[in-house]
Amino acid sequence: MVARRKVAVVGAALSDCGRVDDATPYALHAQAARRALADAGLDRTLVDGFASAGLGTLAPVEVAAYLGLCPTWVDSTSVGGSTWEVMAAHAADAIAAGHARAVLLVYGSTARADVRAGRRTGTLSFGTRGPLQFEVPYGHTLIAKYAMAARRHMIEYGTTIEQLAEVAVQARANAALNPEAMFRTPVTVDEVLAGPMIADPFTKLHCCVRSDGGAAVLLVAEEYVRDCRTSPVWVLGAGECVSHATMSDWPDFTVSPAAVSGRLAFERAGVRPSEIDVAEIYDAFTYMTLVTLEDLGFCAKGEGGAFVEKGRLRVEGGELPVNTDGGGLSAQHPGMRGLLLLVEAVRQLRGECGQRQVRRGDGTLPRLAVASGTGGWFCSSGTVVLGAG
């Protein structure tokens with residue numbers, strides 16, 4: 001039996017993000033990929049594994065060809081925002097088993113620019129075929145589905161709209177420390193509540209921004225770490241879960257599939273949630289952050305509202321800094337944001353985040369991070385636990 005190799009993230013980078021009107025999605029993929037390889041100090045000839053989703057008819061074939069790669073291991077898993085955590089888990093398993101030596105995960109999107117130029121509308125449609133045909137006639141939008149889940153949590157556990165607003169307030173406070181964030185001006189709970197209603201109970205600031213941008217992460221087998229210019233960030237454990245296809249299939253709106261993916265990731269990493277120094281959590285809407293914190297085990301079910309209202313999510317003074325770059329609510333959200341979570345987690349563990357850098361109580365850099373992505377309407381979850389080298 002061949003011993004399983006350890007796997008590390010050695011390259012992590014963003015493309016230009018925010019407002020990018022003069023680039024194609026392919027160009028953003030390429031820009032992020034080049035930057036991640038340069039970050040690692042490795043040549044693209046080492047890359048024999050490639051993962052991409054969301055672009056082209058035959059992803060990742062088209063994107064790999066555009067980047068001049070001919071991989072012998074590929075992944076095109078597409079499960080919404082959690083795609084990249086799930087892909088990272090698959091890549092780590094492939095490398096550990098000896099099926100690949102270096103896997104590049106890449107994403108790029110011009111979601112904002114496309115709407116601005118009239119190439120697409122602002123409403124995301126998942127179609128009307130399959131199980132969705134039974135919900136589409138009732139007018140469910142993606143935002144409405146998340147709003148329904150949030151309202152159920154409020155009814156079930158007494159979670160308040162002010163507590164949900166605190167998630168947006170603290171995300172903006174973290175974004176204020178990030179020069180790459182789209183929106184950095186602080187907001188108050190009252191300002192969040194006073195915004196235009198999008199889908200009850202969500203006002204505008206309960207919802208993520210729309211941006212352009214991309215990201216790339218390079219994972220390698222342990223024997224290549226010594227050739228890298230960066231400190232390795234080790235993949236300690238990962239988990240994934242899909243739970244339902246439609247809202248009517250979802251047994252409990254207050255429990256996300258992160259309850260399963262998180263448990264698996266922590267068990268496989270051999271760490272407890274209480275040991276985590278920084279968390280990057282998918283936040284297309286404020287409720288996603290709150291319920292994922294519960295499901296990952298940072299607080300008990302139903303206690304998310306009380307947990308977030310005490311400022312715990314802030315980089316400055318928070319007990320558990322969450323979405324340290326400002327998250328999808330304030331920094332960037334170019335469609336499927338999951339890969340940006342991994343980039344920020346890696347940067348935090350390497351101590352590269354400048355003013356928004358998280359420090360432990362003794363002033364040292366964080367040692368453990370978790371990135372947890374959510375896809376669809378809480379249909380899927382991928383969670384990855386990372387450790388500093």
Side-chain angles (χ1 to χ4, degrees), residues 82 85 146-171 174 189 201-202 206 236-244 250-315 317-324 327 329 341 345 358 360-361 366 368-374 377-385:
S82 62
E85 283 68 37
Y146 281 96
M148 288 171 60
R151 181 62 73 184
R152 182 71 251 169
H153 199 281
M154 296 169 76
I155 293 170
E156 195 80 18
Y157 297 109
T159 306
T160 68
I161 191 62
E162 290 82 6
Q163 290 170 333
L164 287 172
E166 268 291 349
V167 175
V169 169
Q170 294 175 62
N174 292 344
V189 168
F202 294 151
H206 283 279
L236 303 181
E240 59 196 85
C241 177
V242 296
S243 60
H244 56 275
W250 192 359
D252 188 342
F253 285 10
T254 70
V255 179
S256 79
V260 177
S261 70
R263 174 179 55 79
L264 292 173
F266 286 125
E267 287 176 355
R268 291 164 181 171
V271 303
R272 300 183 301 274
S274 60
E275 298 177 80
I276 296 296
D277 298 309
V278 59
E280 308 298 340
I281 293 174
Y282 208 95
D283 62 340
F285 308 99
T286 52
Y287 176 61
M288 298 174 75
T289 302
L290 185 147
V291 76
T292 303
L293 285 167
E294 294 179 347
D295 292 335
L296 292 180
F298 292 112
C299 60
K301 178 55 60 181
E303 296 181 3
F307 185 87
V308 302
E309 71 180 352
K310 299 183 184 301
R312 287 189 172 99
L313 315 186
R314 294 175 182 259
V315 169
E319 296 175 24
L320 178 69
V322 172
N323 296 337
T324 49
L329 292 170
L341 305 180
V358 171
R360 289 152 58 105
L368 293 170
V370 63
S372 189
T374 303
W377 35 96
F378 282 114
C379 303
S380 65
S381 176
T383 302
V384 181
V385 178

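Predicted model only: the values in this text are computed from it and were never measured. Residues take their numbers from the sequence shown, with the count starting at 1.
Pairing each heavy atom of Val189 with each of Ala165, the nearest pair is CG1-CB, 4.0 Å. Across all non-hydrogen atoms, the minimal contact from Thr374 to Tyr146 is CG2-OH, 4.2 Å. When all heavy atoms of Gly239 and Leu264 are compared, the pair lying nearest together is CA-CB, 4.0 Å. Of all heavy-atom pairs spanning Ser82 and Ser380, the tightest one is OG-OG, 2.6 Å. Closest approach of Thr292 to Ala258, counting heavy atoms only: CG2-CB, 4.0 Å. Nearest approach of Ile161 to Pro201, heavy atoms of both residues: CD1-O, 3.3 Å.
Between Phe298 and Phe307, the ring centre distance reaches or exceeds 6.0 Å.
Between the CD atom in Glu303 and the CG atom in Leu293 there is a gap of 12.5 Å [rounded to 0.5 Å]. Atom NE2 of His206 and atom CG of Leu164 lie 6.0 Å apart (nearest 0.5 Å). Taken from CD in Glu240 to OG in Ser261, the straight-line distance is 9.0 Å, to the nearest 0.5 Å. Rounding to the nearest 0.5 Å places NE2 of His244 at 11.0 Å from CG of Asp252. Note that OG1 of Thr289 and CD of Glu166 are 12.5 Å apart. Values are rounded to the nearest 0.5 Å. Gln170 CD to Glu309 CD: the interatomic distance, rounded to the nearest 0.5 Å, is 10.0 Å.
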Working for side chain to side chain contact (heavy atoms under 4.5 Å, CB included), residues Arg151 and Phe253: CA-CA 9 Å; Arg151 181 62 73 184; Phe253 285 10; over 6 Å; no

For Val278 and Thr324, what are the C-alpha separation, side-chain angles and deciding distance, and is it a side chain to side chain contact (heavy atoms under 4.5 Å, CB included)? CA-CA 8 Å; Val278 59; Thr324 49; 3.6 Å; yes

Between Asp295 and Arg263, does a side chain to side chain contact (heavy atoms under 4.5 Å, CB included) hold up when you go through it step by step? CA-CA 9 Å; Asp295 292 335; Arg263 174 179 55 79; over 6 Å; no

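Looking at Asn323 and Ile281, their side chains come closer than 4.5 Å, going by heavy atoms from C-beta outward. With a 4.5 Å cut-off on side-chain heavy atoms, Val271 and Leu368 count as touching. Residues Ser381 and Ser372 form a side-chain contact, since some pair of their non-hydrogen atoms from C-beta on lies under 4.5 Å apart.
The aromatic rings of Phe378 and Tyr287 lie perpendicular to each other, with more than 60° between the two planes, well past the 30° mark.
Judged by distance alone, with hydrogens and angles left aside, the side-chain atoms of Glu294 form a donor-acceptor pair with the main-chain N or O of Gly302 at under 3.5 Å. Side chain of Trp250 to main chain of Ser256: no donor-acceptor pair is present (N/O by atom type, distance under 3.5 Å, no hydrogens or angles). When atom types are taken as modelled, the side chain of Arg268 and the backbone of Ala238 share a donor-acceptor pair closer than 3.5 angstrom.
Side chains of His153 and Thr254: no donor on one and acceptor on the other come within 3.5 Å. Between the side chains of Thr383 and Glu85, no donor-acceptor pair is found at a separation under 3.5 Å.
The residue from Asn174, Thr286, Val169 that alone fulfils the side-chain contact (heavy atoms from CB on, under 4.5 Å) condition with Leu329 is Thr286.
No more than 12 heavy atoms of other residues, nucleotides or ligands sit less than 6.0 Å from atom CZ of Arg272.
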